[in-house]
Amino acid sequence: MKHWRIEDVAWERFDPSKVDPAIVPLVKAAAMVERNGTAYAIYLNNVFNDDPDFGRAANYWATEEVQHGEALGRWAMLADPGWDYRAAFARYKDGFRLPLESRESVRGSRTGELIARCMVETGTSSYYSALGDATAEPVLQQICRLIAADEFRHFKLFYDHMRRYLARERIGVLRRLAIALGRITESEDDELAYAYHCGNDPAGSRYDHPRAIAAYMAQAIAFYRPRHVERGTGMILKAVGLPPRGRLSDWATRLFWRALQHRRRRYARVAARQPARLAPAAMAAAGD
Ligand SMILES: [Fe+2]
Ligand SMILES: [Fe+2]
């Protein structure tokens, strides 16, 4: 049983006057990545092929991720009635491929795979908390809160399974930390950038990774507040086996906050150098 259904969202409360145009491209990109959860479930079932309990949990997890994509996609179509969620996702699925056939985790161990999953859920739980706090639009607020609650539960799911494998595989804290930080930096790879491109650039336009990731990150990081980073830092430390609260956590929170702001400024400079991108509707109006 899912914890909520699309029909539970109070769609009739949608208020176009409260839509922040800066949030819409981010929601479109997030809808793509979330909707792709079933592909990850195939990969996880391959890697954990002799663990049916985890396989079932991964399949259930994927249905929740797909629902996140459906809810975000539906909201984005309310905010931008000209946007076609299905067509954008079809482009994304076509162009972004995961190593689905792999029988071994790309992280080198099952513990490592589950730590990487914990990092993704840390990122998504803090991201939807930040978006939900930043938006004044009531439906998006509700969706973000529902999704964030799922993402915190997903963290717990992967964390519990990780502890089970850690007892067997006995991977040291430093290795676990390296895997965690490695997965965090991967957020700048193609998964999000390509989703931003498919969700926002006109069909058929060239994919420009530096431009797409800069546009995405500069805007996304701006919605974070220190409390979101503080909670996320505690989750990262917990996942790698370090104390989630106390001096180390305070220090790491300050470090992450500074690193995030530095990245936001750097990406904002890159994004500002790009020619202004017209929305498809505006291009049509301009006779392009
Ligand atoms: Fe999700
Ligand atoms: Fe999740």
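Sequence positions, counted from 1, serve as the residue numbers for this chain. Order of appearance sets the numbers: ligands from 1, and atoms from 1 within every ligand. Model, not experiment: these values are computed from the prediction.
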Check all N, O or S atoms of His154 and name the one closest to the Fe ion (ligand 2).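 Closest N, O or S atom of His154 to the Fe ion (ligand 2): ND1.
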Glu151: its N/O/S atom lying closest to the Fe ion (ligand 2) (atom name):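 Distance check against the Fe ion (ligand 2) picks out OE1 in Glu151.
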Taking the Fe ion (ligand 1) as the reference point, name the nearest N/O/S atom of Glu34.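 This residue's closest N, O or S atom turns out to be OE1.
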What's the atom name of the N, O or S in His68 nearest to the Fe ion (ligand 1)?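 His68's closest N, O or S atom to the Fe ion (ligand 1) is named ND1.
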Exercise: identify the closest heavy-atom pair between Leu237 and Ser249: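 Nearest heavy atoms, Leu237 then Ser249: CD1-CA, 3.5 Å.
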Geometric cation-pi criterion Lys28 and Tyr196, 6.0 Å radius, 45° cone: no
If you draw the axis of the six-membered ring of Tyr224, does the NZ or CZ of Arg264 fall within 45° of it and under 6.0 Å from the ring centre?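 No cation-pi geometry.
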For the metal site, I want the angle between atom OE2 of Glu65 and atom OE2 of Glu121 with the Fe ion (ligand 2) at the apex, to 10°. 90°
With a cut-off of 2.8 Å, does Glu64 put an N/O/S atom close enough to the Fe ion (ligand 1)? no
Main-chain N/O of Arg5 paired to Asp8 side chain as donor or acceptor, under 3.5 Å: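 Pair found, side chain donor or acceptor close to backbone of Arg5.
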Residues two or more places apart in sequence or in another chain: which of them pass salt bridge (charged side-chain N to carboxylate O under 4.0 Å, His left out) with Arg107?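 Arg107: salt bridge (charged side-chain N to carboxylate O under 4.0 Å, His left out) contacts with Glu186.
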